[in-house]
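Have a look at the structure below, then the notes.
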Amino acid sequence: MVSKLKGFKEIDPWDLQENVFQIIGKDYMELVMGNRTEGANAMTAAWGGLGVFWNLPVAYVLVRGEKYRYSRHLMDQEPLFSVCFLDDEHNKAKGYLGTAHGWDDPNKIETAGLHTGWCGLELTHDAEKGLGTHVHTPFIEESRLVLICETVCVQELPEECYKDKALWEQFYTTQDQHCMYIAEIKAAFVKE
């Protein structure tokens, strides 16, 4: 069961009519993660996608950096995260969320001029917390589209998994590779 989001209408993820190449690769997405104790963090991302895996609607997102980085810390710690899409009027905020570090600014969503909302969800995949555990995940209230996601698979992407070594050399000269998170889209909301 997913809590309702004020000002949003819930839609079936299978009914999304978005061009994912545009909304992710050109307009960018905001990955929002955290918990009520530590707070929320967001990062702008342009690498990932939406699709079907294990007969489920999924989002896959790539987060760069070692596990000590703030976004990775929260992504690894929490079973839920949201993928939020903002209109162009929030481009300055997207820029800030893409460059500010969560350890340095624990309120960076608000610093960017945005507001954090919380969505409750019953877990289905978290063996440690157990089935039926109610968890809250943050989202950005100004979003036009919010996807509430539950992580089901995490995969580091080391150099040896690249068939085209030129890609590794082009994007990973510091060897600070991405980690891929595959998550079931548990709920989708559009701004009313």
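It should be emphasised that the depicted structure is a prediction, and the values quoted were computed from it without experimental measurement.
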Rounded to the nearest 0.5 Å, what separates atom CD in Glu141 from atom CG in Leu114?
9.5 Å
Measuring from atom OG1 of Thr137 to atom CG of Leu74, what distance do you get when rounded to the nearest 0.5 angstrom?
10.0 Å
Given Ser143 and Glu30, is the side-chain hydrogen bond (donor to acceptor under 3.5 Å, both in side chains) satisfied, shown in steps?
CA-CA 9 Å; Ser143 301; Glu30 305 307 315; over 6 Å; no
Under the side-chain contact (heavy atoms from CB on, under 4.5 Å) rule, what do Leu80 and Leu121 come out as? Steps first, then yes or no, please.
CA-CA 9 Å; Leu80 302 176; Leu121 176 71; 3.3 Å; yes
Minimal non-hydrogen separation, Ile24 against Gly48, with atom names:
CG2-O, 4.0 Å
Using side-chain contact (heavy atoms from CB on, under 4.5 Å), reason through Asn107 and Ile109 one step at a time and then give a plain yes or no.
CA-CA 6 Å; Asn107 298 310; Ile109 295 171; over 6 Å; no
With a 4.5 Å cut-off on side-chain heavy-atom distances among I, L, V, M, F, W and Y, is there a chain of contacts connecting Leu50 to Val52?
no
Nearest 0.5 angstrom please: Met29 CE to Leu147 CG, how far?
10.0 Å
Shortest non-hydrogen contact between Ala183 and Cys149, atoms and distance
CB-CB, 3.6 Å
From CG (Asp27) to CZ (Phe21), nearest 0.5 Å:
13.5 Å
Under 3.5 Å, side chain of Lys6 to main-chain N/O of Gly117, donor-acceptor pair present?
no
Between CD of Glu142 and NE2 of His115, what distance do you get to the nearest 0.5 Å?
5.5 Å
How is the hydrophobic cluster of Tyr28 composed, in terms of its other members, when Ile, Leu, Val, Met, Phe, Trp and Tyr link through side-chain heavy atoms under 4.5 Å apart, directly or indirectly?
none
Closest heavy-atom pair, Cys179 versus Val154, reported as atoms and distance to 0.1 Å, is SG-CG1, 3.4 Å
Apply side-chain contact (heavy atoms from CB on, under 4.5 Å) to residues Phe139 and Phe8 and explain how you reach the verdict.
CA-CA 12 Å; Phe139 69 96; Phe8 288 84; 4.0 Å; yes
Quick one: does any side-chain atom of Glu110 pair with a main-chain N or O of Thr116 as donor and acceptor, under 3.5 Å?
yes
Any chance you could measure Ile11, atom CD1, to Leu145, atom CG, to the nearest 0.5 Å?
6.5 Å
Membership question, hydrophobic clusters at under 4.5 Å side-chain separation (ILVMFWY): are Ile148 and Trp118 in the same one?
no
I want to check something: taking the side chain as every heavy atom from C-beta on, are Pro79 and Thr151 in contact at a cut-off of under 4.5 Å?
no
Ignoring hydrogens and angles, tell me if any N or O in the side chain of Lys108 forms a donor-acceptor pair with the backbone of Ala42 under 3.5 Å.
yes
Transitive ILVMFWY side-chain link Met33 to Tyr181, under 4.5 Å
yes
Check whether any side-chain heavy atom of Asp105 lies under 4.5 Å from a side-chain heavy atom of Tyr96, and answer yes or no.
yes
Any link between Val32 and Val190 through a network of hydrophobic side chains (Ile, Leu, Val, Met, Phe, Trp, Tyr) touching at under 4.5 Å?
no
Check whether Ile140 and Leu31 end up in the same hydrophobic cluster, where Ile, Leu, Val, Met, Phe, Trp and Tyr are linked by side-chain heavy atoms less than 4.5 Å apart.
no
Could you list the donor-acceptor pairs under 3.5 angstrom formed between side-chain atoms of residues 82-90 and any protein atom two or more places apart in sequence or on another chain?
| unit_1 | atom_1 | unit_2 | atom_2 | d |
| --- | --- | --- | --- | --- |
| Ser82 | OG | Pro138 | O | 2.6 |
| Asp87 | OD1 | Arg144 | NE | 3.4 |

Would you tabulate the side-chain donor-acceptor contacts of residues 54-63 under 3.5 Å, counting partners in other chains and residues two or more places apart, or write 'none'?
none

